[in-house]
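Data block below; observations after.
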Amino acid sequence: MKKVAVNASRVYDIIIDKGILDKSGELAAEVLKTPCAAAILTDSNVAPLYLERLEKSLQSAGFSAVSYVIPAGEGSKCAENYLAFLSFLAKNNITRADCIFALGGGVVGDLAGFCAATYLRGVNFIQIPTTLLAMVDSSVGGKTAIDIPEGKNLVGAFYQPSLVICDCETLDTLPDNIFNDGCAEVIKYGIISDRPLFDKLRTTPIKEQLEDVIENCVRDKRDVVNADERDVGIRQLLNLGHTAAHSIEALSNYEVSHGSAVAIGMAIISRAANKMGLCPDSDLVEILDILSAYQLPTSCDFDAHSLDEAALSDKKRSGDKISLIIPFGIGNSQIYKVDVSELEGIFEKGL
Ligand code: NAD
Ligand code: GLY
């Protein structure tokens, strides 16, 4: 069993092991001090695979459990499901002494987390991520959100979980394309600040070193979150590739998944950085090669003007400036503020 401690506004552990879904009840009882009512949020793909095991584990540890299943997919991270789950919590008399459990990928985690942050002004929250992306990124660090028609993640809160339980065996049932989406986020940590991780990913497939890779990524993310929980400084580095990615997701009506969009976004910003004389040729080649090796896309059909227009509604814009994360080389990405008028030209260079 691997354990990584986060020391943010809440102190909590991320536990990584094979088969620990069945120990969720005991692990949760240790953290919550006493068993209580558990309100589980999950989705229509994950429920038939893992919900019964989680419910049984919680019940054996003395919890009572009620479950709410949303349709799988980004479309479910919406205001309608937010309100519906809050009503479910109220109808089931969930109190501040109780706990919300997120069983699923980033969609379930973000929605459950936002409900936990706002229901009764905050109730206990435990993340049980079941995608690689959720294990290495979305379940850690306390960003919770829903999408509204005007944009993705436009409504949310910083709200740390009390515990994150990563059972690597749950990744066995992931379709390849969804596993690969998580690989994009793993590669991201390497490009941002972790050359040794990047090299490990080149020499050995992620599937063959899952627990080590997940631990490595959550340590990297933990360090960033400990230093800048509220995303006003170095946490912005975690948005490498995200300016273009959010545009691509929106322009494709969310047909392009978050992980694939991040892969394309990282390729675009790396090519642009290379053309701007900031990222050496050899690093650019390695970045594009590793994305392709993990069957991730590196280009899209949208033009620079459309990407720019979509990006300008991005919440990371501040006045006339936008923060881009530029890879100056693998393991050395930095925040780089540009005038909004320069963004289209930068996308043009990267396409
Ligand atoms: P997701 O939650 O939609 O899961 C992807 C698909 O995998 C879904 O169809 C789901 O039903 C299925 N699935 C999940 N676990 C499975 C399993 N073990 N076996 C079989 N199928 C399984 O998407 P995701 O890629 O996990 O997360 C993307 C979301 O995360 C986006 O909304 C993104 O904005 C958000 N995100 C949030 C943060 C954060 O810091 N909060 C960071 C990155 C991404
Ligand atoms: N996924 C970006 C962040 O947590 O800040």
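Note that ligands are numbered from 1 as they come in the structure, with each ligand's atoms numbered from 1 the same way. Quantities reported herein were computed from a predicted structural model and do not represent experimental measurements.
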Subject >> Passing candidate, side chain to side chain contact (heavy atoms under 4.5 Å, CB included) with Gln127, options Ser138, Pro161, Cys166, Ser162 >> reply: Pro161

Which is it for [X] and ligand 1 at heavy atoms under 4.0 Å: side chain, backbone, both or neither?
X      : value
Leu133 : side chain
Lys143 : both
Asp110 : side chain
Asn153 : side chain

**OP:** Test side-chain contact (heavy atoms from CB on, under 4.5 Å) on Ile100 and Phe85 and set out the steps.
**Re:** CA-CA 11 Å; Ile100 294 177; Phe85 188 54; 4.0 Å; yes

Among protein heavy atoms, which sits nearest to [atom], and what does the distance come to when rounded to 0.1 Å?
atom                    : result
atom 9 (O) of ligand 1  : Asn45 ND2, 3.0 Å
atom 15 (N) of ligand 1 : Thr130 OG1, 2.7 Å
atom 32 (O) of ligand 1 : Glu74 OE1, 2.6 Å
atom 16 (C) of ligand 1 : Leu174 CD2, 3.4 Å
atom 5 (C) of ligand 1  : Ile178 CG2, 3.8 Å
atom 30 (O) of ligand 1 : Gly106 CA, 3.3 Å
atom 4 (O) of ligand 2  : Lys221 NZ, 2.6 Å
atom 38 (C) of ligand 1 : Ser138 CB, 3.2 Å

Original post:
Do the side chains of Ile20 and Val31 join up, straight or via other hydrophobic residues, at under 4.5 Å, putting them in one cluster?
Top reply: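 Shared cluster, yes.
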
For ligand 1, which atoms, with element, lie under 4.0 Å from some heavy atom of [X]?
X      : answer
Leu49  : 19 (N), 20 (C)
Val107 : 1 (P), 2 (O), 3 (O), 27 (O), 29 (C), 32 (O)
Tyr50  : 18 (N)
Thr173 : 17 (C), 18 (N), 19 (N), 20 (C)
Ala72  : 9 (O), 11 (O)
Asp137 : 42 (C), 43 (C)
Lys152 : 31 (C), 32 (O), 33 (C), 34 (O)
Asp43  : 10 (C), 11 (O)

**OP:** Return yes or no for this condition: an N or O of Lys188 is under 3.5 Å from an N or O of ligand 2.
**Re:** no

Original post:
Any N or O on Asp231 sitting closer than 3.5 Å to an N or O of ligand 2?
Top reply: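 In fact, backbone or side chain, Asp231 has no N or O that close.
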
Original post:
Does ligand 2 have any atom that is closer than 4.0 Å to a heavy atom of Asp137?
Top reply: yes

Subject >> Any N/O pair Lys77/ligand 1 closer than 3.5 Å >> reply: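 Yes, there is a polar N/O contact under 3.5 Å.
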
**OP:** May I ask you to check if ligand 1 and Thr170 share an N or O to N or O distance below 3.5 Å?
**Re:**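 Looking only at distances, the answer is yes, because the N/O contact criterion of under 3.5 Å is met.
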
**OP:** Going by heavy-atom distance to atom 4 (O) of ligand 1, choose the closest among Val46, Thr144, Thr131.
**Re:** Thr131

Can you establish whether the number of heavy atoms outside [X] located under 6.0 Å from its atom [atom1] is more than 12?
X      : atom1 : value
Lys200 : NZ    : yes
Asp339 : CG    : yes
Gln59  : CD    : yes
Tyr254 : OH    : yes
Lys2   : NZ    : yes

**OP:** Taking the side chain as every heavy atom from C-beta outward, state whether Asp22 and Glu169 have any pair of such atoms under 4.5 Å apart.
**Re:** no

Original post:
Can you check whether Ile325 reaches Ile269 side chain to side chain, under 4.5 Å on heavy atoms?
Top reply: no

**OP:** Identify whether the distance between the nearest side-chain nitrogen and carboxylate oxygen of Arg195 and Asp199 falls below 4.0 Å.
**Re:**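 Asp199 and Arg195: salt-bridged.
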
Subject >> NZ/NE/NH1/NH2 to OD/OE distance under 4.0 Å, Lys188 and Asp137 >> reply: yes

Subject >> Residue pair Asp281, Asn274: steps toward the side chain to side chain donor-acceptor pair (under 3.5 Å) verdict >> reply: CA-CA 7 Å; Asp281 293 348; Asn274 175 258; 2.9 Å; yes

**OP:** Decide whether the shortest distance between a heavy atom of Asp181 and an atom of ligand 1 is less than 4.0 Å.
**Re:** no

Original post:
For ligand 1, is there an atom lying under 4.0 Å from some heavy atom of Lys221?
Top reply: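 The answer is yes, since Lys221 has a heavy atom less than 4.0 Å from ligand 1.
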
Original post:
How are the rings of Phe114 and Tyr82 set relative to one another: parallel (under 30°), tilted (30 to 60°) or perpendicular (over 60°)?
Top reply: parallel

Original post:
Which word best sums up how the rings of His258 and His246 line up, parallel for under 30°, tilted for 30 to 60°, or perpendicular for over 60°?
Top reply: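 Correct class here is tilted.
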
Subject >> Test side-chain contact (heavy atoms from CB on, under 4.5 Å) applied to Leu312 and Asp308, step by step >> reply: CA-CA 6 Å; Leu312 293 186; Asp308 180 52; 4.0 Å; yes

